[in-house]
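In this text, all values refer to a predicted model and were calculated from it rather than measured experimentally.
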Amino acid sequence: MIDVILKKGKEKSLLRRHPWVYDTAVARVAARPAAGETVRVVSSEGRVLGLGAYSPASTLRVRMWTFRDDVAVDDPAFLRARLAQAIEAREPLLERTNARRLVFGEADGIPGLIVDAYGPWLVTQFQSAAVEARREEIGRHLMELTGARGIFDRSDAATRRREGLEERIGCLAGDEPPALIEVVEDGVKYGVDVRVGHKTGFYVDQRESRLSAQRLAEEFKRRHGRGLRALNCFCYTGGFSLALAKGGAQEVVSIDSSAEALSRARANAQLNGFDESTLRWVEDDVFAALRRLREEGETFDLVILDPPKFASSHYHVDRAARAYKDINLNGLRLLREGGHLFTFSCSGAIDVDLFQKIVAGAVFDAGRDAWAIERFGAGVDHPLLMTYPEGEYLKGLHLLLRDF
Ligand code: SAH
């Protein structure tokens, strides 16, 4: 096995069991490992720090498999056990949904691998040289461990380019999935298009927030004797809109700039047999629509803001912060007294504290006051590995307006 020797002092993060070795931390490599080849990482003092997968083209030069040196990581049994453990941990979710993340990369000890399950179909993303090199093997294990009908590979994420990998979309194992896979989440049906949908087709990471929206709609109706009126911004295929309809919302206005997403959303509403008069779909830019709605004097009991990732890296944090501030301010302005705001950020570069500060600034500028009565994050199928805080990308707040 080839040794990767670190510069003096650069072993600290590995000693804390963080799974990445940056190119800038490497002093020398004893030979020329291939992409994905298992290497031994050694400190400048000769201490063995563990075994990882080498990625010659990436600034993330090594992704660690283990912090021991006595594990047979190249043995198929190693990956199979890691996959089995990941899959087993998601079993309890089946009571609520058949749309689940089975493998969440680093958090499951399989750096760069994403596996989502939609009923009997799996969708994969190979985002590192580490897992790309073992793609066929992973496909075989997944088929055997889950009994899936087929695996569709959506390895088109931008992260692949940074690893020097080409984009690849197509069937990896078993049968081709149908054009639309029907899934159920907390009693709501969704059609998922795994070929062109965002991520692997559906935002499984917003499950808990969607359920919370459903519960809020139910509670509102009980307390006020009428359904709530909601505005769902960046609605995509209708996730929150349908959850609200299920909860008994009186009217949901949903905005997205994508006509395809909206037609999927409409079809999803039909799939559930929801009363079409409660759901209004608007193709528009949210930034402009929020201003227009205000001019028109519209008000809502609930506004949801679930935008795409505004900050793709640390370089874009300032610009992204302004965009988050803008939609939050203009969203708050549409709320009635005692209204609710669900607001999210899926930018990893914007942490929980910064997001809270941005939203607090918007609350202040709107001349309102608010309680944060809930904090949102991705569900239990996206566990936060304590040694890998980068895994916590999605955060959200449920604000309740309190005008003191
Ligand atoms: N809330 C959704 C996921 C949102 S994904 C769910 O739970 O499923 C983000 C969405 O924002 C995408 O559908 C994209 O088309 C849309 N979008 C991106 N920029 C936009 C803009 N400026 N105005 C309106 N929609 C936008």
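Judged purely by atom type and a 3.5 angstrom limit, Asn268 uses its side chain to pair as donor or acceptor with the backbone of Thr237. Put simply, the side chain of Tyr203 never gets that close to the backbone of Gly239: no donor and acceptor are under 3.5 Å apart. Thr278 contributes no side-chain N or O that, together with a main-chain N or O of Gln250, makes up a donor-acceptor pair within less than 3.5 Å. Here the side chain of Arg368 pairs no donor or acceptor atom with the backbone of Arg402 at under 3.5 angstrom. The backbone N or O of Phe274 sits nowhere less than 3.5 Å from a side-chain atom of Asn272 that would complete a donor-acceptor pair. No side-chain donor-acceptor contact under 3.5 Å links Asn232 to the backbone of Val303. No donor-acceptor pair closer than 3.5 Å links the side chain of Asn328 to the backbone N or O of Ala362. A distance-only check finds a donor-acceptor pair linking the side chain of Arg90 to the backbone of Asp381 [under 3.5 Å].
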Checklist entry - Phe126 and Leu172: side chain to side chain contact (heavy atoms under 4.5 Å, CB included), yes or no, with the steps? => result CA-CA 11 Å; Phe126 292 85; Leu172 173 66; 3.9 Å; yes

Item to check | Stepwise side chain to side chain contact (heavy atoms under 4.5 Å, CB included) test for Val42 and Leu6 | outcome: CA-CA 6 Å; Val42 184; Leu6 302 186; over 6 Å; no

Checklist entry - salt bridge (Lys or Arg N to Asp or Glu O under 4.0 Å) between Arg264 and Asp256: does it pass, once the steps are laid out? => result CA-CA 12 Å; Arg264 179 79 264 127; Asp256 203 283; over 6 Å; no

Next on the checklist: Would His18 and Glu390 count as a side chain to side chain contact (heavy atoms under 4.5 Å, CB included) here? Give the steps.
Outcome noted: CA-CA 10 Å; His18 187 276; Glu390 290 87 344; 3.0 Å; yes

Next on the checklist: With side chain to side chain contact (heavy atoms under 4.5 Å, CB included) as the criterion, how do His340 and Leu335 come out once you've worked through the C-alpha distance, each side chain's angles and the decisive distance to 0.1 Å?
Outcome noted: CA-CA 7 Å; His340 299 257; Leu335 284 177; 5.7 Å; no

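Under 4.0 Å is where a charged nitrogen must lie from a carboxylate oxygen, and between Arg195 and Glu176 at least one such pair does. In summary, Glu298 and Arg336 do not engage in a salt bridge, as defined by a charged side-chain N under 4.0 Å from a carboxylate O. We find that Arg168 and Glu132 are joined by a salt bridge, their nearest charged nitrogen and carboxylate oxygen being less than 4.0 Å apart. Between Lys199 and Asp205 there is a salt bridge, since a side-chain N of the basic residue sits under 4.0 Å from a carboxylate O of the acidic one. Ion pairing between Arg47 and Glu11 fails under the 4.0 Å rule for side-chain N and carboxylate O. Contact check on Glu137 versus Arg134 returns a salt bridge, with a Lys/Arg side-chain nitrogen under 4.0 Å from an Asp/Glu carboxylate oxygen. Using a 4.0 Å cut-off between charged nitrogen and carboxylate oxygen, Asp186 and Arg96 count as a salt-bridge pair. Between Arg154 and Asp156, at least one side-chain nitrogen of the basic residue sits less than 4.0 Å from a carboxylate oxygen of the acidic one, meeting the salt-bridge criterion. Between Asp3 and Arg28 there is no salt bridge, since none of the side-chain N atoms of the basic residue sits less than 4.0 Å from a carboxylate O of the acidic one. Between Glu296 and Arg292 there is a salt bridge, since a side-chain N of the basic residue sits under 4.0 Å from a carboxylate O of the acidic one. Using a 4.0 Å cut-off between charged nitrogen and carboxylate oxygen, Glu166 and Arg161 do not count as a salt-bridge pair. Using a cutoff of 4.0 Å between basic side-chain nitrogens and carboxylate oxygens, Asp351 and Lys395 are not scored as salt-bridged.
Counting heavy atoms from C-beta outward, Cys235 and Ser241 have side chains that approach closer than 4.5 Å. Using a 4.5 Å cut-off on side-chain heavy atoms (C-beta onward), Val21 and Val26 make contact. Inter-residue side-chain proximity for Leu51 and Val39 is flagged as unmet; no heavy-atom pair is nearer than 4.5 Å. Side-chain atoms of Ile181 and Val194, non-hydrogen and from C-beta on, do get closer than 4.5 Å to each other. For the pair Val286/Ile327, a side-chain contact is recorded, criterion being any heavy-atom separation below 4.5 Å from C-beta on.
Judged by the 6.0 Å and 45° rule, Arg319 forms no cation-pi pair with Phe310.
Atom CG of Leu394 sits about 8.0 Å away from atom OG of Ser345, to the nearest 0.5 Å. Between the CZ atom in Arg223 and the CG atom in Leu228 there is a gap of 12.0 Å [rounded to 0.5 Å]. Here the OG1 atom belonging to Thr343 is positioned 9.5 Å from the CD1 atom belonging to Ile358, to the nearest 0.5 angstrom. Here the straight-line distance linking atom CZ of Arg17 with atom CZ of Phe67 works out to 6.0 Å at 0.5 Å rounding. To the nearest 0.5 Å, atom NE2 of residue His398 and atom CZ of residue Arg375 are 13.0 Å apart. Here Leu242 contributes atom CG and Leu271 contributes atom CG; the two are 9.0 Å apart, rounded to the nearest 0.5 Å.
Using modelled atom types and a 3.5 Å distance limit, the side chains of His198 and Tyr236 yield no donor-acceptor pair. Side-chain atoms of Ser212 and Glu374 form a donor-acceptor pair, as typed in the model, at a separation below 3.5 Å. With no hydrogens or angles considered, no side-chain donor-acceptor pair links Gln85 and Asp108 at under 3.5 Å. For Arg160 and Gln125, the side-chain atoms include no donor-acceptor pair closer than 3.5 Å. Of the N and O atoms on the side chains of Tyr324 and Ser347, at least one donor lies less than 3.5 Å from an acceptor on the other residue. Using modelled atom types and a 3.5 Å distance limit, the side chains of Glu392 and His382 yield no donor-acceptor pair.
Atom CD of Glu337 has 12 or fewer heavy atoms from other residues, nucleotides or ligands within 6.0 Å. Summarising the local packing, CZ of Phe287 is surrounded by more than 12 heavy atoms from other residues, nucleotides or ligands at distances under 6.0 Å. More than 12 heavy atoms of other shown residues, nucleotides or ligands fall within 6.0 angstrom of atom CZ in Arg135. For Lys7, the NZ atom is densely surrounded, since the number of other residues' heavy atoms within 6.0 Å is greater than 12. For Arg226, the CZ atom counts as densely surrounded, since its 6.0 Å shell holds more than 12 non-hydrogen atoms of other residues, nucleotides or ligands.
The heavy-atom pair separating Ala133 from Gly36 by the smallest distance is CB-CA, 3.9 Å. Taking each heavy atom of Leu290 and Cys233 in turn, the nearest pair found is CD2-SG, 3.9 Å. Shortest non-hydrogen contact noted between Ala148 and Leu122 is CB-CG, 3.7 Å. For Ile151 against Gly139, the heavy-atom pair with the smallest separation is CD1-O, 3.5 Å.
Phe240 pairs with exactly one of Phe376, Phe344, Phe234 by the ring-ring contact (aromatic ring centres under 6.0 Å, His included) rule, that one being Phe344.
Pairs passing the side chain to side chain donor-acceptor pair (under 3.5 Å) check and including a residue from residues 112-124, sequence neighbours excluded, read Arg101-Asp116, Asp116-Thr200, Tyr118-Thr200, Thr124-Asp153. Legend: side chain to side chain donor-acceptor pair (under 3.5 Å) pairs involving residues 59-77, not counting sequence neighbours, sorted by first then second residue: Thr38-Asp74, Arg63-Glu106, Arg63-Glu163, Arg68-Asp70.
With sequence neighbours excluded, the residues satisfying salt bridge (Lys or Arg N to Asp or Glu O under 4.0 Å) with Glu144 are Arg80.
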